[in-house]
Amino acid sequence: MDINVKRDAARSIVEVAGDIDLYSSPAFRETVLDLLKKRGQKNVIVNLSNVDYIDSSGVASLVEGLQEARKRSARFMLVGLKEGPRRVLELTLLLNVFEIHSTEEDALQS
Amino acid sequence: MDINVKRDAARSIVEVAGDIDLYSSPAFRETVLDLLKKRGQKNVIVNLSNVDYIDSSGVASLVEGLQEARKRSARFMLVGLKEGPRRVLELTLLLNVFEIHSTEEDALQS
Amino acid sequence: MPGEVEITIASHPRWLRLARSVVQDFCVAVDIADRQTQSIVTAVDEALSNVMKHAYGGDHSRFVSLSCGVHDKELEFEIRDQGFPFNPLDRDVPPPNELRSGGRGLYLIRTIMDRVEYRRDGGSNCIRLSKTLDAPARPAQRGAGKTNGH
Amino acid sequence: MPGEVEITIASHPRWLRLARSVVQDFCVAVDIADRQTQSIVTAVDEALSNVMKHAYGGDHSRFVSLSCGVHDKELEFEIRDQGFPFNPLDRDVPPPNELRSGGRGLYLIRTIMDRVEYRRDGGSNCIRLSKTLDAPARPAQRGAGKTNGH
Ligand SMILES: Nc1ncnc2c1ncn2[C@@H]1O[C@H](COP(=O)(O)OP(=O)(O)O)[C@@H](O)[C@H]1O
Ligand SMILES: Nc1ncnc2c1ncn2[C@@H]1O[C@H](COP(=O)(O)OP(=O)(O)O)[C@@H](O)[C@H]1O
């Protein structure tokens with residue numbers, strides 16, 4: 001899994017490529033929580049368009065990101081969900097809990 | 001592995017998709033030899049642009065195709081070789097034995 | 001060996017991806033539909049992750065095995081470890097709620113698979129995850145014939 | 001177990017693709033370059049194919065194992081079968097010529113790998129294929145630490 005963060009004053013975009021699983025989720029979790037806690041970002045977009053697989057530890061990291069964002073009145077958005085990750089969020093009853101957009105542009109304009 | 005044959009009076013194009021290995025090479029071999037032996041085709045083009053892997057049984061099938069073509073004064077051409085298959089032909093000292101073109105169009109115009 | 005394919009990996013999460021490829025390739029070889037394959041990969045991956053995290057408590061020096069088999073309309077995956085005895089059927093698995101950070105693995109396994117069985121076998125935990133297929137899988141051809149080299 | 005990953009497959013060519021994925025994923029996990037990985041996959045696949053074709057004479061009801069390991073700068077693959085005793089080092093392997101239809105498997109294995117070793121172990125043939133890496137591979141971390149669940 002590779003992570004790339006694009007950041008400016010208004011928002012952070014976390015671009016992930018590869019699988020998010022027990023091996024890689026700790027680094028993903030840390031990146032997301034850092035942006036919210038240390039950097040105080042108010043808009044965090046996680047781009048999952050290059051992620052084919054996410055396991056329950058990856059889902060847990062997303063949930064922690066969402067909780068942290070709510071605590072700080074920040075927005076936490078997911079974009080580019082592929083079929084596999086979408087299905088895992090559906091099965092874990094989280095599909096309507098997250099703010100989900102098709103593309104980064106859609107998320108930025110929302 | 002999937003095989004698709006496009007054929008007209010002048011030439012046959014064998015389009016292969018997937019790996020050519022001990023499991024799939026018998027079907028590949030039969031297709032190629034049939035075109036030469038039963039159909040008497042004088043120009044056979046094997047398009048490997050969707051083949052990532054070829055093993056020694058696949059290479060053997062290509063060699064048999066070439067031998068059969070020579071026996072019948074037919075042309076036998078390979079197009080769209082990816083890096084992996086190209087390297088296997090190189091290692092087995094066959095890269096200069098086959099007539100190799102980049103695309104079907106190049107082969108047809110040659 | 002109960003299945004046609006068996007893999008043993010060190011109990012380090014770096015090997016989970018490879019184990020998922022095996023499950024994926026196994027399902028493709030026996031003609032399971034893509035969508036169903038994705039879910040099955042998830043269930044098996046969660047079971048392997050649980051062994052690494054919980055049965056072995058994060059110790060990377062142990063091993064976990066996965067056997068993949070198909071019998072008529074039953075797809076079967078058996079996960080075996082020599083760790084802390086744990087019967088996943090003894091545990092209540094409520095639907096996960098959004099506030100909880102962990103606790104979705106067993107839920108996913110039970111939701112996706114049709115049957116979860118557990119047995120303690122000598123010093124091993126042995127979990128069998130099964131899925132009944134709509135149509136019989138392509139026969140796995142154990143001893144079903146010969147391949148001729150040429 | 002000699003390696004970090006071991007796989008056993010039924011001796012049917014339909015499982016070769018899955019075995020190649022394992023070798024591929026193993027090489028990726030220990031940071032081998034793509035180009036080198038491709039050749040290594042070829043060598044191991046040829047060894048497995050030979051077991052199916054020759055050691056088992058095309059009988060699909062047997063099993064063949066592959067163990068993958070890395071030790072410092074040595075990448076090692078061990079292939080084990082219970083078939084016809086055969087020492088590949090006893091055989092002359094001339095460079096293949098264009099007129100021959102078979103006979104390129106052992107040549108590819110020897111050309112690609114740095115070392116081929118054979119031993120007869122009880123009723124098993126055991127072939128070890130090794131490749132010395134330019135740089136030490138990423139350590140396979142057997143027993144090297146702990147992963148914390150969260
Ligand atoms: N293989 C196992 N060995 C021991 N305990 C386990 C095992 N699998 C699950 N558990 C226990 O069941 C709990 C719930 O598991 P799970 O639903 O997968 O969520 P998580 O792993 O995120 O905690 C775990 O926290 C652990 O206490
Ligand atoms: N594992 C094996 N068991 C028995 N015989 C083998 C084995 N591997 C190779 N051989 C013998 O060595 C010969 C050369 O093998 P190889 O170079 O792989 O070419 P091919 O398999 O195309 O014949 C085979 O034809 C076979 O007689």
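Chain letters run A, B, ... following the sequence lines, proteins first, then strands; residues in each count from 1.
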Give the minimum heavy-atom separation between C/V22 and D/V22, together with the two atoms involved.
-> CG2-CG2, 3.4 Å
Any idea which heavy atoms bring D/G3 and C/F63 closest together, and the distance?
-> O-CE2, 3.8 Å
Atom [atom1] in [X], atom [atom2] in [Y]: separation rounded to 0.5 Å?
| X | Y | atom1 | atom2 | result |
| --- | --- | --- | --- | --- |
| C/R14 | D/F26 | CZ | CZ | 8.0 Å |
| D/C68 | C/L18 | SG | CG | 7.5 Å |
| C/R20 | D/S21 | CZ | OG | 13.0 Å |
| D/I7 | C/E6 | CD1 | CD | 9.5 Å |
| D/S61 | C/E4 | OG | CD | 11.5 Å |

For atom CZ of D/R35, is the number of surrounding heavy atoms from other residues, nucleotides or ligands below 6.0 Å larger than 12?
-> no
Tell me, yes or no, whether the heavy-atom count around D/D34 atom CG, taken from other residues, nucleotides or ligands under 6.0 Å, exceeds 12.
-> no
